[in-house]
Amino acid sequence: MASVFHYFLLVLAFLDTYSAQSFCLPGCTCSEESFGRSLQCMSVSLEKISGKLPEEFKQVRIENSPLFELPRGCFINMSTLEYLWLNFNNVTVIHLGALEHLPELRELRLEGNKLRSVPWTAFRATPLLRVLDLKHNKIDVLPELALQFLANLTYLDLSSNRLTVVSKSIFLNWPAYQKRRQPGCGAEVLSSLVVALHNNPWVCDCRLRRLVQFVKSVTLPVILVNSYLICQGPPSKAGQLFHETELNACMKPQISTPSDNVTIWVGQNVTLRCLAQASPSPTIAWTYPLSMWREFDGLLGGKHLTPVLTSSAAEDAALSELTIPAAHLVDSGNYTCAASNAIGRSTLVISLHVQPAPAPPAPHSLSGPSEGSAYVDLRVAKQTVHGILLEWLAVADTPQEERFTLYIASDEALRKEVVHIGPGINTYAVDGLLPGTKYKACLSLGGQPPHQGQCVVFVTGRDSGGLEARERLLHVTVVLCAVLLAVPAGAYAWAAQSPCSCSEWGLRCCPHRRKAPRCPPAALQCRDLPAVCEDSEGHMDPEGDEEKEGEEDSS
C-alpha cells in the first residue's frame with residue numbers, strides 16, 4: 001500500500017512539472033535550449049509583458065511587436081532570467097523599477113526601439129549585466145554616472161542614437177566602479193569595456209573637447225568599436241574626424257560694442273552693434289522699450305521696423321545688428337544685448353538718445369510758429385464679429401501736448417466719431433460697421449489735421465442678405481482688406497506717393513483671386529483707388545462694376 005501511495009506522489013510531481021514547462025504565451029513558441037528554457041514571441045501583437053510568466057525561463061525574446069513600455073514589476077516571477085531581448089519594438093519608456101527581480105540578467109538588448117532616455121540607476125538591480133545593446137534608438141543624453149552600477153559590463157552599444165555631447169569621465173570612471181565591486185583584486189582590472197559610439201550627430205565644440213582627447217588616446221580597459229568618429233556640427237567642423245579636430249576650452253560670452261552711448265537726430269537711421277565671443281557659439285537676443293510693439297508692427301508691414309541681423313563674425317563669435325530706420329523720439333531708451341550659451345549669459349546695455357531735429361533758419365519767413373508734431377503708429381489689431389479693434393502708439397514731440405484725436409469716418413460720411421485720448425498705447429473698438437462701406441480712421445495731435453501715415457483704411461463686404469451672411473462677409477473682408485490693403489501707419493503714405501501697379505495692387509488686396517482686378521488709370525494715385533476687395537463668395541465691392549467685371553471674368 002505504501003509503494004502505491006509513493007508512486008502516486010511521483011505521478012503528481014511529474015504532472016506539475018510538465019504543466020509548468022508546457023506553459024507558453026498565445027502566438028509565441030517555447031523551447032528547450034542548451035542554456036535552459038526559452039520564450040520567443042516574433043511579430044506578435046503583444047502590448048505589455050505579463051507579470052505572471054513562470055520562473056523557469058532563461059531567455060525571453062520579443063521582437064516586432066507594439067510593446068510600448070516596461071512597467072515596474074513586469075518581471076517579478078522571473079528571477080532566473082539571463083537573456084532579455086526586446087529588439088525592434090516600440091519601447092519608449094522604461095520605468096525605474098522595471099528590472100527589479102532580475103539578479104541573474106546577463107544580456108539586455110533593446111535595439112531599434114524609441115527610447116529617448118534610460119533610467120541608468122535601474123541597473124542597480126542587475127549587477128551581473130555584461131551586454132547592454134541600445135543602438136538605433138533616440139537617446140540624446142548620457143549622464144556622467146551612467147555606468148556606476150554596470151561594473152561587470154563588457155559591451156555597450158550606443159551607436160546610431162542622437163548623442164551630441166558626452167563627457168569622457170563616463171568611461172574614465174568605469175574602472176573605478178569595477179575595482180569597487182571587486183575589493184579583493186587590488187589594482188587589477190578584470191575585464192575590458194567595448195563601446196560603440198559611431199553614427200551619432202556629434203557637435204564638436206568645447207563641450208566635446210575632453211571626449212575628443214579621449215578618443216585620440218583611448219587605451220585599455222576601454223575599447224572603441226569604431227574610433228573614427230565624425231563631427232556633424234558646427235558647420236565649421238562638419239565632416240571632420242575626431243582625430244583631426246582641435247577644440248578650445250569653454251568660455252562664457254564676452255560682449256563688446258563700438259559705442260554704448262549713441263546720439264542721433266530725429267529721422268536718422270541708426271544701427272546698434274553687439275559682438276559676442278564665446279565657446280560654444282552664443283545666441284543673441286535684444287530687449288528694448290518697444291520690442292513687442294515693433295515685432296507686431298513688422299508683421300503688418302508698418303513703417304518703423306527693427307530688423308535684427310546676426311552673423312558669425314569668426315569661429316566662436318557672433319555679431320548682431322539692430323537697425324532702426326527713421327528714428328523718432330519714442331525710440332530713445334536703453335537697448336540690452338544678451339548673449340548666452342551652455343556656460344553662461346552676459347548682457348550689455350546701449351543707450352540711444354534721439355534729439356529733435358533743429359529748426360532750419362527762416363529769417364524771411366512770414367509764417368507763424370510751427371505746430372507740434374507727434375509719433376503715431378496706428379493699425380488694425382484684430383477683427384471681431386461686428387467690427388474691428390484699432391490699436392495705436394502715440395507720443396508727442398512736445399511734453400505739454402497731452403491729447404490726441406481719433407477720427408473715424410465712412411467714405412459716404414454716413415458715420416463719424418471723434419474720440420479724445422491721451423498718449424501711449426491705446427485701443428478702441430469700432431462696432432456696428434455697415435456692409436459694403438469704406439472706412440477711414442486717423443489719429444492726430446490735438447486738433448491738428450492728420451498727416452500722411454497717421455491713417456488706416458478698411459472695407460467691409462457687401463451684405464447679401466441676413467445678419468448671418470453679413471457677419472460672415474465682415475469676417476472675410478475685414479481681415480483681407482483692412483490688414484493687407486489698407487496697411488498701418490507709413491504704408492498708406494507710401495502707397496499715396498507712387499502710381500499703382502496693377503499686378504502688385506491685385507496681389508496685395510485680393511491674393512485669393514485667380515484673376516487680378518482691373519488696373520485703374522495710370523494717372524490716378526493709389527490713395528484715389530477704392531479700397532475694395534472681392535470676398536471668397538464672389539461679392540463685389542461697393543465701388544466696383546459688377547456687370548462689367550463679370551463680363552471680363554467670363555471672357
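No hydrogens, no waters, no symmetry mates; every other heavy atom, side chains included, goes into these values.
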**Prompt:** With no hydrogens and no angle check, do the side chains of Ser45 and Glu47 hold a donor and an acceptor under 3.5 Å apart?
**Reply:** no
**Request:** Would you please name every residue forming a side-chain hydrogen bond (donor to acceptor under 3.5 Å, both in side chains) with Ser38, sequence neighbours left out?
**Result:** Gln59
**Item:** Ionic contact status for Asp133 with Lys135, cut-off 4.0 Å
**Value:** yes
**Request:** Identify, with sequence neighbours excluded, every residue that meets side-chain hydrogen bond (donor to acceptor under 3.5 Å, both in side chains) alongside Arg273.
**Result:** Glu321
**Message:** For a side-chain contact (heavy atoms from CB on, under 4.5 Å) check, start with the C-alpha distance between Asp140 and Thr164, then their side-chain angles and the critical distance, and finish with the verdict.
**Reply:** CA-CA 7 Å; Asp140 56 5; Thr164 56; over 6 Å; no
**Message:** Side chains of Ile324 and Leu352, heavy atoms from C-beta outward: is any pair under 4.5 Å?
**Reply:** yes
**Asked** With distance as the sole test, does Asn137 use its side chain to make a donor-acceptor pair with the main-chain N or O of Lys114 at under 3.5 Å?
**Response** yes
**Prompt:** Which residues pass the ring-ring contact (aromatic ring centres under 6.0 Å, His included) test with Phe88, sequence neighbours left out?
**Reply:** none
**Message:** Please check: side-chain N/O of Asn89 versus main-chain N/O of Asn64, any donor-acceptor pairing under 3.5 Å?
**Reply:** yes
**Item:** ring-ring contact (aromatic ring centres under 6.0 Å, His included) involving Trp120 - partner list, sequence neighbours excluded
**Value:** Phe123
**Fill in**
Nearest heavy-atom approach of Val44 to Gly27 is CG2-O, 3.3 Å
**Request:** Under the salt bridge (charged side-chain N to carboxylate O under 4.0 Å, His left out) rule, collect the residues that match up with Arg116, sequence neighbours excluded.
**Result:** none
**Prompt:** Closest heavy-atom contact between Asn200 and Ser160?
**Reply:** ND2-N, 4.0 Å
**Message:** Under 3.5 Å, is there a donor on one side chain and an acceptor on the other for Asn199 and Ser159?
**Reply:** no
**Item:** Set of side-chain hydrogen bond (donor to acceptor under 3.5 Å, both in side chains) partners for Thr219, sequence neighbours left out
**Value:** none
**Item:** Interatomic distance, His198 atom NE2 to Leu229 atom CG [nearest 0.5 angstrom]
**Value:** 9.0 Å
**Request:** Could you tell me whether the side chain of Val60 reaches within less than 4.5 Å of the side chain of Ile49, counting heavy atoms only?
**Result:** no
**Request:** Check whether any side-chain N or O of Ser346 sits under 3.5 Å from a backbone N or O of Pro253 as a donor-acceptor pair, and report yes or no.
**Result:** yes
**Request:** Write down the atom of Leu193, the atom of Leu153, and the distance for their closest heavy-atom approach.
**Result:** CD1-O, 3.7 Å
**Request:** May I ask you to test the Cys28-Leu39 pair for a side-chain heavy-atom distance under 4.5 Å?
**Result:** yes
**Asked** Taking it one step at a time, do Leu70 and Leu86 satisfy side-chain contact (heavy atoms from CB on, under 4.5 Å)?
**Response** CA-CA 10 Å; Leu70 300 183; Leu86 302 173; 3.8 Å; yes
**Message:** Consider side chain to side chain contact (heavy atoms under 4.5 Å, CB included). Of Glu104, Arg106, Glu82, which one does Lys58 pass it with?
**Reply:** Glu82
**4.5 Å side-chain heavy-atom contact, Trp174 and Pro221** = yes
**Prompt:** Is the NZ atom of Lys138 crowded by more than 12 outside heavy atoms at less than 6.0 Å?
**Reply:** yes
**Asked** Which residues satisfy the ring-ring contact (aromatic ring centres under 6.0 Å, His included) test with Phe35, sequence neighbours excluded?
**Response** Tyr83
**Prompt:** So, for Ile170 and Leu142, which heavy atoms are closest and what is the spacing to 0.1 Å?
**Reply:** CD1-O, 3.2 Å
**Asked** Considering only heavy atoms from C-beta outward, does the side chain of Leu224 approach that of Phe171 to under 4.5 Å?
**Response** no
**Request:** Take Leu145 and Tyr177 through the test side-chain contact (heavy atoms from CB on, under 4.5 Å) and record every step on the way to the result.
**Result:** CA-CA 10 Å; Leu145 300 177; Tyr177 303 144; 3.4 Å; yes
**Request:** Would you check if Asp316 and Ser281 make a side-chain contact, meaning some heavy-atom pair closer than 4.5 Å?
**Result:** yes
**Request:** Could you please spell out the steps behind the side-chain contact (heavy atoms from CB on, under 4.5 Å) verdict for Leu96 and Thr121?
**Result:** CA-CA 7 Å; Leu96 190 60; Thr121 55; 3.1 Å; yes
**Prompt:** Are Leu105 and Phe75 close enough that some pair of their side-chain heavy atoms sits under 4.5 Å apart?
**Reply:** no
**Close side-chain approach of Ile350 to Trp286, heavy-atom, < 4.5 Å** = yes
Give the table of side-chain donor-acceptor pairs shorter than 3.5 Å for residues 242-252, with sequence neighbours excluded, one pair per line with atom names and distance.
from, atom 1, to, atom 2, distance (Å)
Thr245, OG1, Gln240, OE1, 3.3
Thr245, OG1, Leu241, O, 2.9
Glu246, OE2, Lys216, NZ, 3.2

**Message:** Taking side-chain hydrogen bond (donor to acceptor under 3.5 Å, both in side chains) as the cut-off, I'd like each qualifying pair that reaches into residues 253-267, sequence neighbours left out, listed once.
**Reply:** Asn261-His353
**With sequence neighbours excluded, residues passing salt bridge (charged side-chain N to carboxylate O under 4.0 Å, His left out) with Arg72** = Glu100
**Request:** Report the residues that fulfil salt bridge (charged side-chain N to carboxylate O under 4.0 Å, His left out) with Lys168, sequence neighbours left out, ordered by chain and then residue number.
**Result:** none
**Single hit among Thr92, Val91, Asn113 for side chain to side chain contact (heavy atoms under 4.5 Å, CB included) with Phe68** = Thr92
**Request:** List in chain and number order the residues that pass salt bridge (charged side-chain N to carboxylate O under 4.0 Å, His left out) with Arg207, two or more places apart in sequence or in another chain; answer none if no residue qualifies.
**Result:** Asp205
**Message:** Please find the pair of heavy atoms, one from Ile284 and one from Ala318, that lie closest to each other, and give the distance.
**Reply:** CD1-O, 3.8 Å
**Asked** Could you state the interatomic distance from CD1 (Ile230) to NZ (Lys237), rounded to the nearest 0.5 Å?
**Response** 15.0 Å
**Message:** Looking at Glu63, is its backbone amide N or carbonyl O close enough to the side chain of Asn87 to form a donor-acceptor pair, meaning the two atoms are under 3.5 Å apart?
**Reply:** no
**Prompt:** So is Arg61 actually on top of Trp85's ring, under 6.0 Å and inside 45° of the axis?
**Reply:** no
